[in-house]
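Computed from a predicted structure; not experimentally measured. Naming convention: chains lettered A, B, ... in sequence-line order (proteins, then strands); numbering from 1 in each chain. Below, each value reflects all heavy atoms present in this structure, side chains not excepted, and no hydrogens, waters or symmetry copies.
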Amino acid sequence: MVKAVRGFKDILPGEAEKWCYLERLACKYFRAYSFQEIRIPILEKTELFARSIGQATDIVEKEMYTFLDRNKESLTLRPEATAGICRALIEHGLYAKAKVIKLYTIGPMFRHERPQKGRLRQFHQIDAEVFGSHSAGTDAEIILLAWEILTAGGAKGLRMEINSLGCPQCRPRFRDALQEFLEQSKAKLCEDCQRRTQKNPLRALDCKNENCQKLYEKAPLIEDFWCSACREHFLEVQQYLKQWNLVYEINPRLVRGLDYYVRTTFEIKAPQLGAQDTVAAGGRYDGLVKALGGPDIPGIGFAIGIERFLLVAQLPDLTPRLDLYAIPLGKRAYMTLLPVVQNLRQEGLMVELDHEGRSLKALLKQANKLKAKAALILGDNELDQGIVLLRNMETGRQKELPLEPQKELLKRLQQELGAPCDS
RNA sequence: GUGACCGUAGCUCAGUUGGUCAGAGCACCGGGCUGUGGCCCCGGGGAUCGUGGGUUCAAAUCCCACCGGUCACCCCA
């Protein structure tokens, strides 16, 4: 039989409710922070990602779902959301609508990696971006927002790590110094770090090899290279985070896999997740919009991995409770119940109606399994008496309600069943 | 892309040195209770034992390949 593509997973009933819950939770926070939703395509021209994420990154070099369209144009399933949002911002001139634009989107991303815990080929992100602000206050606010969404989802054991990567004024000097350091200790480095020395020296810093980490204790630190503006900015961010009571650690080795990040960068980790422990990450990318052909406006954002969020989230019981199970015994009863059910559903009650003509016993069993609050039983006996039975499924007590007038019946039913669930 | 472990009903798993080994529990459907659920008892449907080769008189069981899963490397959300 045909199975789902490797690394692409179905989100089944029981699981989907959790997704819906977390997405709504995130939307609630975005609203509170005055973000607007944007929905962008999952397919973009390959060039967009090559130019934004960076040609030399792993994502672009070997992880993208890239193919030729029928007209021979190279297209790519988005591996992240920032590039597409920048594109839309520029293409529609959204930056002209206000000095500061705050956007969010939720949806699937695609990267061709070997699947493992917390890592799929189609995965989902809750993504936020702010354009037009250089202020350190914006950095702090974005970090706080990510943290609050995660903690509101009951995520436990989270750690916030922050760092500043410097800017185009100061980072090159650090890069050179680091590269020189790596060259000197080249013989002792692991294979990967030897490779990184040339290609992406910053990445060597978060190598997991113990020997390498030991060596890097003596490596130059970015903080010794920050220009005064970057130093000032980073201190200011921390000042605000403290005022918000956010507990964080400074990780001088924290770097990012995407080229466009500058200055503030952060990761929220949940160590209990194992190898893929970053639940959310983000940072500032001031030169990106310009590099993509837009005006020179700054940006900062983050992404939360929904699958990883779900692994650490503590959710309330989300199993749906049926308000009413309508049980018709015979065609005449069925016909009578149709408009009743229709009406109750229009009022927002969750109502199940049997179309299969199964036995009363079987249907009560079913109602019990679906955790119905009540069952509405109608058979020939009741029809002849002009009544219907409302059975409370918890107590087993039954009430006789007059069938006519229907308006009265509906009113009684709504009284008995209470207000519909909001969800 | 590399490595380790794994792959038997929808789910969780038994299956002894290859020889009634195609099983159990849960779930599902029905009956006991001809119109009253949750407990109990009984019965039923449902599996080309991941796929394809090979060894053998005989393979779920041994060998090879492929596919898939899990975890780790790598990378990252």
Side-chain angles (χ1 to χ4, degrees), chain A residues 1-9 12 14 53 57-64 78-82 106-128 146 150 190-193 195-196 200 203 206-209 254-258 261 266-270 273-283 301-312 322 325 327-330 333 356 358-383 389-398:
Chain A
M1 67 154 288
V2 181
K3 295 203 179 135
V5 175
R6 180 168 208 194
F8 289 63
K9 266 176 71 175
L12 303 174
I53 297 170
T57 58
D58 275 21
I59 292 177
V60 171
E61 268 186 353
K62 48 191 185 195
E63 293 174 2
M64 295 204 304
R78 64 183 187 191
E80 51 101 49
T82 305
I106 298 175
M109 310 294 158
F110 306 84
R111 307 219 281 237
H112 192 109
E113 300 179 271
R114 190 85 171 256
Q116 68 181 74
K117 185 176 183 185
R119 188 169 79 185
L120 292 166
R121 290 181 174 180
Q122 177 180 332
F123 61 103
H124 300 76
Q125 291 186 337
I126 296 167
D127 184 275
L150 292 173
C190 72
E191 265 180 50
D192 289 316
C193 283
R195 183 170 45 81
R196 289 171 178 133
N200 195 347
R203 284 228 63 87
D206 63 3
C207 178
K208 281 176 188 153
N209 185 301
L254 182 65
V255 296
R256 310 264 60 221
L258 287 64
Y261 285 108
F266 67 98
E267 271 186 37
I268 302 174
K269 293 183 182 173
L273 284 187
Q276 313 300 323
D277 63 353
T278 303
V279 180
F302 70 79
I304 295 172
I306 300 183
E307 285 83 354
R308 292 181 190 178
F309 190 5
L310 279 163
L311 288 173
V312 296
L322 202 57
Y325 202 107
I327 301 180
L329 303 170
E356 315 303 321
R358 297 145 90 192
S359 70
L360 176 59
K361 180 191 163 101
L363 292 175
L364 279 174
K365 218 172 194 170
Q366 187 68 14
N368 188 55
K369 212 184 65 192
L370 294 175
K371 296 189 165 78
K373 292 174 195 155
L376 191 65
I377 304 168
L378 184 64
D380 289 339
N381 296 347
E382 290 75 21
L383 282 167
L389 299 177
L390 181 66
R391 181 182 182 84
N392 182 315
M393 291 302 288
E394 266 147 46
T395 64
R397 251 181 255 153
Q398 294 187 170

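Remark: P of B/rC71 and CG of A/Leu273 are 11 Å apart, rounded to the nearest angstrom. Taking atom CG of A/Asp58 as the reference point, atom C1' of B/rG1 lies 11 Å away to the nearest angstrom. Taking atom NZ on A/Lys365 and atom C1' on B/rG32, their separation rounds to 11 Å, with Å as the unit. Atom C1' of nucleotide B/rG37 and atom OH of A/Tyr325 are separated by 12 Å, given to the nearest angstrom. The CD1 atom of A/Ile126 sits 17 Å away from the C1' atom of B/rC76 (whole-angstrom rounding). Between the C1' atom of B/rC75 and the CE atom of A/Met109 lies a distance of 17 Å, rounded to the nearest Å. Counting to the nearest Å, the C1' atom of B/rU70 and the NZ atom of A/Lys9 are 11 Å from each other.
In this structure, of B/rG38, B/rC75, B/rC29, it is B/rC75 that holds the atom nearest to the side chain of A/Gln276. Distances from the side chain of A/Ala275 to the nucleotides B/rA72, B/rU36, B/rA77 place B/rA72 closest. Of the listed nucleotides (B/rG30, B/rA72, B/rC76), B/rC76 has the atom at the smallest distance from the side chain of A/Thr278. Checking B/rC33, B/rA72, B/rG69 against the side-chain heavy atoms of A/Arg114 singles out B/rA72 as nearest. For A/Arg391, the listed nucleotide lying nearest its side chain is B/rG37; candidates were B/rC75, B/rG37, B/rA77. The side chain of A/Asn368 approaches B/rG38 more closely than any other nucleotide in the set B/rG38, B/rA77, B/rG35. When distances run from any side-chain atom of A/Glu113 to the nucleotides B/rU70, B/rA77, B/rU36, the shortest one goes to B/rA77.
Not a single donor-acceptor contact under 3.5 angstrom links the side-chain atoms of A/Asp380 to the base of B/rG35. For A/Arg119 against B/rC74, a side-chain-to-base donor-acceptor contact under 3.5 Å is present.
Contact annotation: A/Gln116 side-chain N/O to B/rA72 OP1/OP2 distance is under 4.0 Å. OP1 and OP2 of B/rC75 both lie 4.0 Å or more from every side-chain N or O belonging to A/Arg111. For B/rC29, the OP1/OP2 oxygens have a side-chain nitrogen or oxygen of A/Gln366 closer than 4.0 Å.
When each of A/Arg308 and A/Gly379 is assigned the nucleotide of RNA chain B bearing its nearest heavy atom, the one mapping closer to the 5' terminus is A/Gly379.
The same atom, P, is picked in B/rA47 and in B/rA24; the two are 15 Å apart, to the nearest Å. B/rC28 and B/rG19 have their C1' atoms separated by 35 Å, with the value rounded to a whole Å. Going from the C1' atom of B/rC29 to that of B/rA9 covers 15 Å, rounded to whole Å. Spacing between B/rC21 and B/rA4 at atom C1', rounded to whole Å, works out to 30 Å. Rounded to whole Å, the C1' atom of B/rA14 lies 27 Å from the corresponding atom of B/rU55.
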